[in-house]
Amino acid sequence: MLSMEDVYREHSHMVYQYLLSLSHDADLAEELTQETFYQAIRRIDYFNAESKVSTWLCGIAKNLFYAYLRKHPPTEILDENSTLCKSAESEVRSSLGKMDLLKQIHLLKEPGREVIHLRLYGNLSYAEIGEIMGKSENWARVTFYRAKEQLRKELQNDK
């Protein structure tokens with residue numbers, strides 16, 4: 001097993017980028033990245049080699065981010081057109097009701113349908129989706145984007 005210093009060098013940028021994508025705040029992402037590795041050191045006995053180190057670290061990071069949100073709830077109400085609300089997932093989810101969304105997703109062709117399910121309902125990263133599907137992270141991003149665009153077109157046709 002690599003030393004924690006080696007693990008930090010190899011994975012800190014990825015953990016930081018992951019937290020930045022969740023928080024949209026560079027300072028918070030940096031702080032939570034440091035806390036992630038601190039918690040990883042404290043919980044190293046809980047790591048089993050059944051998962052990748054990066055997946056384990058991202059799990060810790062995600063839990064820390066959600067704990068931060070519970071302690072520091074947003075103080076301003078976000079407008080539906082706010083840039084923070086414009087992630088691909090929230091655009092698709094806000095465009096359709098849950099049942100309508102599920103019906104539209106069901107009509108998608110594979111592999112787009114599965115990628116949408118894994119991303120929206122499995123809350124998996126593109127890297128994790130790529131790993132599950134035996135493809136690259138970039139393939140997962142492109143497939144998700146194309147499926148999302150197909151859903152958007154179908155929504156516009158239904159109006």
Side-chain angles (χ1 to χ4, degrees), residues 1-76 78 80-95 101 105 108-152:
M1 174 96 186
L2 297 173
S3 71
M4 210 50 190
E5 187 176 323
D6 293 335
V7 170
Y8 180 82
R9 263 195 300 257
E10 186 175 336
H11 298 285
S12 63
H13 182 71
M14 181 268 310
V15 170
Y16 171 78
Q17 289 297 322
Y18 175 68
L19 287 164
L20 185 60
S21 74
L22 292 175
S23 68
H24 305 284
D25 180 334
D27 293 332
L28 178 59
E30 181 63 35
E31 182 180 328
L32 291 176
T33 298
Q34 298 306 317
E35 182 65 18
T36 296
F37 282 92
Y38 171 72
Q39 293 299 327
I41 291 169
R42 288 186 57 223
R43 298 178 180 155
I44 194 70
D45 294 339
Y46 294 103
F47 175 71
N48 60 18
E50 292 176 14
S51 66
K52 290 183 175 182
V53 173
S54 59
T55 304
W56 179 62
L57 290 170
C58 284
I60 294 171
K62 181 174 75 170
N63 291 335
L64 288 170
F65 176 69
Y66 288 136
Y68 174 85
L69 287 180
R70 283 189 296 277
K71 289 180 184 176
H72 304 92
T75 55
E76 66 181 70
L78 295 175
E80 196 172 296
N81 295 321
S82 166
T83 55
L84 291 178
C85 291
K86 284 297 187 180
S87 72
E89 296 84 354
S90 65
E91 282 183 57
V92 171
R93 286 180 178 162
S94 66
S95 299
L101 176 59
I105 291 172
L108 287 173
K109 294 179 181 174
E110 291 296 344
R113 180 181 349 162
E114 187 171 358
V115 170
I116 289 284
H117 275 288
L118 291 171
R119 182 74 177 154
L120 296 182
Y121 297 106
N123 294 319
L124 297 178
S125 69
Y126 295 114
E128 292 168 325
I129 293 169
E131 185 176 329
I132 288 169
M133 306 281 294
K135 305 282 186 178
S136 69
E137 178 180 345
N138 191 49
W139 175 90
R141 286 179 188 278
V142 170
T143 304
F144 178 81
Y145 175 79
R146 289 177 180 163
K148 179 188 67 151
E149 289 301 309
Q150 183 64 38
L151 286 172
R152 195 175 280 142

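By convention here, the first residue in the shown sequence is residue 1.
Between S125 and E128, the closest heavy-atom pair is N-OE1, 2.8 Å. A pairwise comparison of heavy atoms in M14 and C58 identifies SD-SG, 3.4 Å as the closest pair. Nearest heavy-atom pair, R43 versus W56, reported as atom, atom and distance to 0.1 Å: O-CZ2, 3.6 Å. Scanning all heavy atoms of the two residues, the minimum distance from A61 to V15 falls at CB-CG1, 4.1 Å. The heavy-atom pair separating I129 from A140 by the smallest distance is CG2-CB, 3.9 Å.
Two residues are said to be in side-chain contact when any heavy atoms from C-beta on lie closer than 4.5 Å; P111 and W139 meet this criterion. K62 is listed as a side-chain neighbour of Y18, based on a closest heavy-atom distance under 4.5 Å.
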task = Decide side-chain hydrogen bond (donor to acceptor under 3.5 Å, both in side chains) for Q150 and Y145; before the verdict, give the C-alpha distance in whole Å, the side-chain angles of both, and the deciding distance to 0.1 Å.
result = CA-CA 9 Å; Q150 183 64 38; Y145 175 79; over 6 Å; no

task = List the steps, then state whether side chain to side chain contact (heavy atoms under 4.5 Å, CB included) holds for L32 with Y16.
result = CA-CA 8 Å; L32 291 176; Y16 171 78; over 6 Å; no

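Between the CD1 atom of I116 and the CD atom of E110 there is a distance of 11.0 Å, given to the nearest 0.5 Å. Atoms NE2 and CG, from H13 and L20 in turn, are 9.5 Å apart once rounded to the nearest 0.5 Å. With rounding to the nearest 0.5 Å, the separation of OH in Y126 from CG in N138 is 11.0 Å. Interatomic distance, L19 CG to Q34 CD, rounded to the nearest 0.5 Å: 10.5 Å. Note that CZ of R113 is 11.5 Å distant from CG of L151, once rounded to the nearest 0.5 Å. Summarising the geometry, atom CZ belonging to F65 is positioned 12.0 Å from atom OG1 belonging to T33; distances are rounded to the nearest 0.5 Å.
No more than 12 heavy-atom neighbours from other residues, nucleotides or ligands sit within 6.0 angstrom of CD on E5.
A donor-acceptor pair shorter than 3.5 Å cannot be found between the side chains of Q39 and T36.
Among residues two or more places apart in sequence or in another chain, the salt bridge (charged side-chain N to carboxylate O under 4.0 Å, His left out) test is passed with E131 by K52. Partners of E31 by salt bridge (charged side-chain N to carboxylate O under 4.0 Å, His left out), not counting sequence neighbours: none found.
No salt bridge links E149 with R146; every basic N to acidic carboxylate O contact stays at or beyond 4.0 Å.
Judged by distance alone, the side chain of H11 and the main-chain N or O of V7 form no donor-acceptor pair under 3.5 Å.
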